Amino acid sequence: MLTHPWELSASVALRPEPFGALAYNFHNRKLSFLKRPELVRVVERLGDHPDVLSTLEAEGIPQEQHAAYVRALSGLAATDIIRPRTAT
Amino acid sequence: MTLTTDRPTAAAPARPEGGALVKQFEFGLDAPICLTWELTYACNLECAHCLSSSGRRDPRELSTQQCKEVIDELQRMQVFYVNIGGGEPTIRPDFWELLEYAIAHEVGVKFSTNGARITPERAAFLAATDYVDVQISLDGATPEVNDYVRGPGSYDMAIRALENLQAAGFSDAKISVVCTRQNIGQLDDFKRIADEYGATLRLTRLRPSGRGADVWDELHPLPEQQRELYDWLVAHGEDVLTGDSFFHLAAFGEPLPGLNLCGAGRVVCLIDPIGDVYACPFAIHDQFHAGNLLTEGGFGEVWRNSKLFRELRSPQTGGACSSCAHYDSCRGGCMAAKFFTGLPLDGPDPECVKGYGESALTGERTIPAASQDHSKSNPTRNEPVMLQLMRRRPDGQDSPATRPVSACAESPIAGFTP
């Protein structure tokens, strides 16, 4: 995942919450929870960077946490909160 | 209203950073994630266990314009979907207009109905509409069991609605079942009905709220049936919806899928037909009344700042339950179930699976008086038969002592003072 381009799905809205954000996919009607404000920023910026790794670096996520972020992002990919970005 | 006397709170610690989601939920969210909106108290049926004591329309019911303003605010607050109920919501002449308005404003709708108005035409409209879920109420897998509590003809009404939805190509309707002593043995039959109509089964807990208080003793599942229900839910996992309403059963063993927490005022609330906001759909009572959305600041102000909701979001102590080994799994159970059976809010749930509720029920308790009742003042042919044997009229009008034998039985010289 680290070296691939991803983005927030078009059908997803993020609602800020004290712990992070709530993500709702209007398409499959699934609700997900982003439990850290840092993760919310990463998810919002995925589309602005060439791949996941550069997003994590740009957001200042320490290298030792990258594996945990990839796990969290994979979970969000499973409910289509984020999806692989195809070339436009 | 205040709950402090009943729900002792510890010195308020701050919201933790990170950690389990359920801990975050205890401190409340910026907007609800499960909002129930009862659009009307009017209903064509007179179900014995109606949570909202519905029947007659309230003259103060929100107007179409007021409802649209509520939807606008829900959109601003990013409440992504609402559960609409009643009463029978489709009785409102503007129901379909409000449904379309909500969907157009990014507020998805799931509505509960007894099916009376789900005609082939409406079913076709629903099948062609995104972001709408339909939930048909059915409290028995046979007419005998269903109509006993929901009234004559209501089983056929629900099945006809399911047939119409299926024929129109509406996929994944929900069949919503309130679990009772009479229908726990029919769980497999309910599942078969759901499968037959391409629907999803949703099982919820019977609450002693509204008219439910009058029949709870007779209808609520027996202890061994609770075990049967729990085992059935564990076996069927995520295939069956529960509205997270059975977290009190978690003390049997592993927790059930979903949120094992009382969400009242934290992630859940109810808007009633006149705009009153209550902590949860099962708690339409002054004690759980947070405010009215027609006051300044609207719904958002009530949600964020009402005294009641702030209290519910402060950490609760387990009271009599805190020494129980299972407190962490059931969290003391359902606040509304305790309140409406007259049990202390910081003690066991009346249906505590360890039996502490049963012993609490035998002690001294006072069942709180209802603070609203929109039941029809005169029963119609739709009234379930069981009620004629059980219910006291709130106005006392059917006491035989006060009922005249006939209209002309009054004394001809009444009121005459020579």
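Here is the naming used below: chain letters follow the sequence lines, and residue numbers restart at 1 for every chain. No experiment lies behind these values; they were computed from the predicted model shown.
Of the two parts of A/Arg15, the backbone and the side chain both hold a non-hydrogen atom closer than 4.5 Å to a non-hydrogen atom of chain B. Within the 4.5 angstrom heavy-atom criterion, no atom of A/Pro37 approaches chain B. Contact annotation for A/Leu14: only backbone heavy atoms (N, CA, C, O) come within less than 4.5 Å of a heavy atom of chain B.
Contact detail for B/Asp30 and A/Glu17: the closest heavy-atom pair is N-OE1, 2.7 Å.
Between A/Tyr24 and B/Ile33, every side-chain heavy-atom pair lies at or beyond the 4.5 Å cut-off.
When each of B/Pro32, B/Gly108, B/Gly28 is checked for heavy-atom pairs under 4.5 Å with chain A, B/Pro32 comes out on top.
The distance between the ring centers of A/Phe26 and B/Tyr81 does not fall below 6.0 angstrom.
Counting non-hydrogen atoms of neighbouring residues, nucleotides and ligands closer than 6.0 angstrom, the NE2 atom of B/His105 exceeds 12 such neighbours. Enclosure of atom CD in B/Glu238 is not indicated, since only 12 or fewer non-hydrogen atoms of other residues, nucleotides or ligands lie within 6.0 angstrom. Around atom CZ of A/Arg29, more than 12 heavy atoms belonging to other residues, nucleotides or ligands sit under 6.0 Å away.
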Evaluate side-chain contact (heavy atoms from CB on, under 4.5 Å) for B/Gln78 paired with A/Leu22, printing each intermediate quantity in order. CA-CA 10 Å; B/Gln78 290 187 284; A/Leu22 197 150; over 6 Å; no
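Put simply, NE2 on A/His27 and OH on B/Tyr131 are 8.0 Å apart, with the number rounded to the nearest 0.5 Å.
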